[in-house]
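Take a look at the structure below.
One-based numbering, in listed order, for ligands and for the atoms of each.
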Amino acid sequence: MKTAILISGRGSNMVSLLEAMADPDYPARPVLVVSNRADAGGLARTGAVPTAVVPSRGRMREDFEAALDARLRESGVEFIALAGFMRVLTADFVRRWEGRMVNIHPSLLPSFKGLDTHARALAAGVKIHGCTAHWVSAGVDEGRIIGQAAVPVLDGDNEARLAARVLAAEHVLYPRALAIALGAARPAPDAGARILAL
Ligand code: GRF
């Protein structure tokens with residue numbers, strides 16, 4: 001499946017997806033990485049995979065999304081993985097890619113939709129936190145869940161420590177969840193399965 005990865009920042013989830021896609025048996029091939037910001041650090045970490053910048057700032061949503069859609073189609077993209085893509089997509093765009101677009105969110109949905117998930121998890125005093133890979137639907141962070149990975153919240157955690165623990169889980173979860181979204185066989189249980197539910 002010809003896949004595009006959409007980013008806005010450092011791109012660590014993108015790197016974990018690209019590493020998985022380097023395996024010829026993986027069901028997705030990366031054909032394009034798109035950022036809505038020219039200064040996204042991830043753009044320098046794509047290796048041989050082509051990159052494109054489709055700027056969103058100061059632009060009408062519809063114009064941005066028309067340009068994004070055109071760029072994706074130019075590269076023959078069949079499937080989209082959002083990976084730290086920080087722009088909310090309109091229902092129109094989502095409908096056009098329905099069933100062909102997934103996202104990673106840094107909380108155990110449906111808890112803590114939106115931004116600042118780690119700070120809110122700490123403020124709420126939850127003892128288990130984590131991340132969710134899900135299909136993208138018109139409601140933000142509301143699409144059907146593909147898989148989740150849980151991490152403990154430890155005494156003395158601050159936002160940065162908790163975020164780092166969740167991010168490590170994201171890097172394990174997302175490539176597996178994307179493979180499942182693409183219809184690949186469920187991965188055999190292993191040590192990682194203790195924290196993963198796919
Ligand atoms: C990740 O925590 C992702 O879940 C969230 O934004 C962060 C992006 O990190 N949506 P990176 O760009 O993948 O390193």
request  = Work out whether the distance between some heavy atom of Gly42 and some atom of ligand 1 is less than 4.0 Å.
outcome  = no

key: Subset of ligand 1 atoms that lie under 4.0 Å from at least one heavy atom of Glu170   = 1 (C), 2 (O), 3 (C), 4 (O)

inquiry  = Name the residue from Glu62, Glu65, Arg61 that meets the side chain to side chain donor-acceptor pair (under 3.5 Å) definition with Thr90.
reply    = Glu65

key: Test item, Ile104 contacting ligand 1 (heavy atom, 4.0 angstrom)   = yes

inquiry  = Tell me if the CZ atom of Arg144 is crowded by more than 12 foreign heavy atoms within 6.0 Å.
reply    = no

inquiry  = For ligand 1, which is the ligand I care about here, please tell me if Arg10 has any N or O atom under 3.5 Å from one of the ligand's N or O atoms.
reply    = yes

inquiry  = For atom 5 (C) of ligand 1, what's the nearest protein heavy-atom neighbour? Residue, atom name and distance, please.
reply    = Pro106 CD, 3.9 Å

task = Identify, for atom 12 (O) of ligand 1, the protein heavy atom at the shortest distance, and state residue, atom and that distance.
result = Gly11 N, 2.9 Å

ask   = Nearest heavy-atom pair of Ala133 and Tyr174: which atoms, and what distance?
value = CB-CD1, 4.3 Å

ask   = Could an N or O of ligand 1 be found under 3.5 Å from any N or O of Met14, whether backbone or side chain?
value = no

message = Strictly below 4.0 Å, N to O, side chains only: are Asp157 and Arg161 in salt-bridge contact?
response = yes

note = All heavy atoms of Val153 vs all of Arg165, minimum pair found to be CA-NH1, 4.2 Å

query = Should Ile180 and Ile80 be counted in the same cluster of Ile, Leu, Val, Met, Phe, Trp and Tyr side chains packed under 4.5 Å apart?
reply = no

key: Per-atom contacts of ligand 1 with Gly84, taking only distances under 4.0 Å to non-hydrogen atoms   = 6 (O), 8 (C), 10 (N)

